[in-house]
Amino acid sequence: MNYYLIAPAKTFHDSDNTLTYASIEPLEIGHIVEIPLGKKTTVGIVSAKTSQPDFETKEILRLLYPEPLPKHLMKALFWLSDYYRCPLSAAVQAILPRGITKKRRVVKNTTDSILSQKASSNPLNAAQKDALKKINQCTANTIMLHGITGSGKTNIYIELAKQTLAQNQSVILLVPEIALTSQLVRNFQAHFSDIILLHSAQTEAVRHQLWQKALQTTTPLVVIGPRSALFAPVLNLGMILIDEAHEPAYQQDQNPKYSALRLAAIMSKTILGSATPLVSDYYICKQHKAIVELNELAIKSNRQTEITLIDLKNRPNFTRSHLLSNQLIDSIQDSINNHTQSMIFHNRRGTAPLTICDHCGWQALCENCLLPLVLHADKYQMRCHTCGRNYPVPTACPECNNATIHHKGFGTKMLEEELHRLFPQARIARFDADTETSQQLSQIYDQVHDGNYDIIVGTQMIAKGFDFPKLSTLGIAQADAGLSLPDYSSEERTFQLITQVIGRAKRGHQNSHIFIQSFQPNHPIISHAIQADFAGFYNYLIQKRRQSSLPPYSFLLKFSLSYKTERAAISNVQKLNKKIIQYIHQHSLEQVSVTPPMPAFHEHTASGYTWQIIVKAKSRKDLLAIFDAIEKNPYLHYCFDPISLL
């Protein structure tokens with residue numbers, strides 16, 4: 001009889017450790033098995049061979065696959081549990097696909113893309129060849145490829161993938177969202193015949209079979225997908241490429257709460273590609289001399305781009321529209337006359353984000369979340385963008401009965417209505433989270449690409465990944481909208497978004513005119529983004545981070561407590577705060593600080609009230625020690641290295 005330690009996919013009797021099982025057949029580390037657990041069965045992963053214990057053990061029911069998980073996934077399993085203090089069972093669930101015990105019918109054409117973008121292929125230019133050479137010469141495990149929009153980072157990814165496959169090693173390419181990176185995916189499909197492509201439109205059965213294909217294929221593969229693609233069990237993983245590495249989509253916000261960037265670096269050599277890298281990542285790579293710059297457009301062009309900054313406070317600029325400046329309106333008309341395209345970006349969907357009574361000050365709030373409701377005029381309803389609940393539009397104030405209800409602010413739907421008023425003959429397309437699936441940009445990209453629409457309106461989903469060769473006018477309706485959020489990452493996200501949006505019109509296809517509308521035209525973030533000055537932006541923000549002792553100069557741990565009543569939330573968060581402070585004093589942790597208890601940004605939701613505490617430390621070990629000393633309960637939630645404190 002053989003005995004093994006098994007990491008189960010379910011927690012048993014509050015134990016977060018491996019469990020001992022017996023097996024008649026010899027097994028390997030990484031084998032996936034079905035085991036009895038209590039009165040039920042579950043799956044588990046063989047983590048170690050052990051000697052016969054002095055207690056009675058149950059037998060493993062069956063071996064699910066003859067092939068064991070590769071070593072890099074076994075390493076990821078225990079690293080996730082240790083580094084992020086997540087239950088081992090949660091890490092097992094992340095690594096294994098859903099429905100792994102089910103028998104599946106064979107699914108054909110599993111590598112077909114849902115996208116419709118034509119592929120393009122260009123030889124590397126001198127700048128790209130130099131960047132590729134520097135990457136190959138760099139000995140660091142994680143390398144930052146900092147390339148401006150349109151510099152051809154995709155071509156470098158393809159060459160790196162070819163080199164890796166030639167060494168009989170597999171490649172994983174991570175993208176924030178397949179539907180937003182159609183051009184990149186199509187280019188890869190033009191160069192590699194055996195690609196496993198993962199995306200959100202796939203069924204559980206299809207994803208399971210693709211996972212099984214990766215496990216059982218003995219030749220090197222290319223896997224493309226979102227952060228979960230990291231867990232594709234490819235043989236002999238040689239490199240992980242992460243496109244748009246600054247995107248928050250790479251942060252998992254449910255257990256196990258992890259950064260795909262950090263996990264990738266543990267699993268394999270990793271390339272982080274971005275035009276606007278995260279300040280913390282750039283700082284770390286700079287310390288290790290692992291930054292490769294790519295500052296030239298892939299395709300040289302003599303096309304000119306003009307940028308005009310519009311002060312939203314200067315109302316004489318807005319005599320024809322209260323949303324769009326006269327200069328922007330004129331440029332849109334010129335583009336229509338010249339049969340080119342215009343794009344208007346605003347990172348807020350809906351019609352109006354604020355509904356109030358001008359008489360008594362009543363505000364329309366969600367009953368679940370106590371957050372402002374957003375007017376959606378096309379369906380004539382109020383919607384909460386946090387919980388999704390819908391409400392009727394008030395015709396009179398429920399507090400004072402006056403009919404002085406006003407809808408203030410604006411979103412993409414109001415912009416679309418305004419553009420229809422200004423340009424009644426124009427063909428206009430809106431792309432945001434409210435867009436019908438059949439009309440989303442990923443579905444009708446060819447029509448947009450070929451110029452079937454005169455004006456494109458949308459949120460951040462139009463800001464990245466797509467190439468619009470007919471684009472000649474670009475307007476950002478309110479560039480400083482994100483700066484008002486009370487979060488340490490707000491300036492960084494604003495710079496990234498503006499830079500990415502501007503990049504849509506600076507790809508060298510057309511002479512273009514960009515209009516940046518802002519209430520804070522002199523804000524450093526706006527200035528650096530307009531000037532494409534990443535170095536200036538980085539120096540500005542890294543100094544602020546140093547002064548405030550924020551990442552990369554510290555590590556953060558966010559505790560959140562959620563209770564049905566506000567009183568219970570406040571009482572328990574104060575107790576937690578007291579325990580943390582006591583621990584800090586008892587162990588003389590001088591480089592650890594803790595914020596006073598505070599309500600979460602979304603304090604009230606359908607599940608109750610949430611209050612939070614932020615612990616900041618120079619050493620991550622101190623955070624882990626504090627976490628381990630805290631008594632856990634179902635009301636306590638936590639996140640190491642949060643990308644946002646909201």
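Just so it is clear, the structure is predicted and the values come from calculations on it, not from any experiment.
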Discussion item. Test side-chain contact (heavy atoms from CB on, under 4.5 Å) on His146 and Val292; report intermediate values, then the result.
Written reply: CA-CA 6 Å; His146 179 213; Val292 175; over 6 Å; no

Practice prompt. Could you walk me through whether Leu174 and Asp243 pass side-chain contact (heavy atoms from CB on, under 4.5 Å), step by step?
Written response: CA-CA 6 Å; Leu174 294 190; Asp243 189 45; over 6 Å; no

Worksheet entry | Step-by-step side chain to side chain donor-acceptor pair (under 3.5 Å) determination, Gln163 to Asn136 | CA-CA 10 Å; Gln163 293 174 5; Asn136 288 326; 3.3 Å; yes

Worksheet item: salt bridge (Lys or Arg N to Asp or Glu O under 4.0 Å) between Lys616 and Asp622: does it pass, once the steps are laid out?
Response: CA-CA 9 Å; Lys616 188 189 302 182; Asp622 290 342; over 6 Å; no

Practice prompt. With side-chain contact (heavy atoms from CB on, under 4.5 Å) as the test, would you mind laying out the steps for Thr459 and Phe431 before giving the verdict?
Written response: CA-CA 7 Å; Thr459 55; Phe431 302 107; over 6 Å; no

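Of the N and O atoms on the side chains of Gln517 and Asn317, not one donor lies less than 3.5 Å from an acceptor on the other residue. Looking only at atom types and distance, the side chain of Thr412 has a donor-acceptor partner in the side chain of Asp432 under 3.5 Å away. Judged by distance alone, the side chains of Gln251 and Tyr258 never bring a donor and an acceptor atom under 3.5 Å apart. Under 3.5 Å, the side chains of His513 and Thr308 contain a donor-acceptor pair of N or O atoms. Judged by distance alone, the side chains of Gln304 and Asn511 never bring a donor and an acceptor atom under 3.5 Å apart. Side chains of Thr319 and Asn326: a donor on one and an acceptor on the other come within 3.5 Å. Side chain to side chain, Gln333 and Asn337 meet the donor-acceptor criterion of an N or O pair below 3.5 Å. Side-chain atoms of Thr276 and Thr499 include no donor-acceptor pair closer than 3.5 Å.
Counting non-hydrogen atoms of neighbouring residues, nucleotides and ligands closer than 6.0 angstrom, the NZ atom of Lys162 exceeds 12 such neighbours. Heavy atoms of other residues, nucleotides or ligands lying less than 6.0 angstrom from NZ of Lys257 number more than 12. Atom CD of Gln137 has more than 12 neighbouring heavy atoms from other residues, nucleotides or ligands inside a 6.0 Å radius. Within a 6.0 Å radius of CD in Gln531, other residues, nucleotides and ligands contribute more than 12 heavy atoms. More than 12 heavy-atom neighbours from other residues, nucleotides or ligands sit within 6.0 angstrom of NE2 on His637. Atom NZ of Lys289 is surrounded by 12 or fewer heavy atoms from other residues, nucleotides or ligands within 6.0 Å.
Asp487 has no carboxylate O lying under 4.0 Å from a charged side-chain N of Arg493, or vice versa, which leaves the two without a salt bridge. Salt bridge Lys129/Glu159: absent, no basic N to carboxylate O contact under 4.0 Å. In this structure, Lys413 does not pair ionically with Glu418, as no charged nitrogen and carboxylate oxygen lie closer than 4.0 Å.
What you find for Ile291 and Cys285 is that their closest heavy atoms are CG1-CB, 3.7 Å. Annotation for Arg620 and Phe555: closest pair N-CD1, 3.6 Å, computed over non-hydrogen atoms. Annotation for Asp281 and Arg262: closest pair OD1-NH2, 2.9 Å, computed over non-hydrogen atoms. When all heavy atoms are compared, the tightest approach of Phe534 to Ala275 is CD1-O, 4.5 Å. Between Ile143 and Cys138, the shortest heavy-atom contact is CD1-CB, 3.7 Å. The nearest pair of heavy atoms linking Ala127 to Glu296 is CB-OE1, 3.7 Å.
Under a 3.5 Å cut-off, the side chain of His523 and the backbone N or O of Ile525 do form a donor-acceptor pair. Under a 3.5 Å cut-off, the side chain of Arg227 and the backbone N or O of Ala249 do form a donor-acceptor pair. Distance alone, capped at 3.5 Å, is enough to place a donor-acceptor pair between the Ser548 side chain and the Lys544 backbone. Here the side chain of Gln612 pairs no donor or acceptor atom with the backbone of Met598 at under 3.5 angstrom. In this structure, Ser335 contributes its side chain and Ser342 its backbone to no donor-acceptor pair below 3.5 Å. Between the side chain of Ser512 and the backbone N or O of Ala505, at least one donor-acceptor pair lies under 3.5 Å. Asp130 contributes no side-chain N or O that, together with a main-chain N or O of Ala126, makes up a donor-acceptor pair within less than 3.5 Å. No donor-acceptor pair under 3.5 Å is formed between the side chain of Glu603 and the backbone N or O of Ala600. Using modelled atom types, no side-chain atom of Thr154 and backbone atom of Leu184 make a donor-acceptor pair closer than 3.5 Å. For the pair Gln510 (side chain) and Pro469 (backbone), a donor-acceptor distance under 3.5 Å is present.
The aromatic ring centres of Phe495 and His528 sit 6.0 Å or more apart.
Residues that satisfy the ring-ring contact (aromatic ring centres under 6.0 Å, His included) test with Tyr283, not counting sequence neighbours, are Tyr553. The side chain to side chain contact (heavy atoms under 4.5 Å, CB included) search around Ala426 returns Ile336, Phe423, Ile428, Asp454, Ile455, not counting sequence neighbours.
Annotation: side chain of Phe640 is not in contact with side chain of Tyr83 (no heavy-atom distance under 4.5 Å). Counting heavy atoms from C-beta outward, Ile514 and Glu306 have side chains that stay 4.5 Å or more apart.
For the pair Arg430 and Phe345, the NZ or CZ position fails the cation-pi test of under 6.0 Å to the six-membered ring centre and within 45 degrees of the ring normal.
The CZ atom of Phe519 sits 8.5 Å away from atom CG of Asp311, with the distance rounded to the nearest 0.5 Å.
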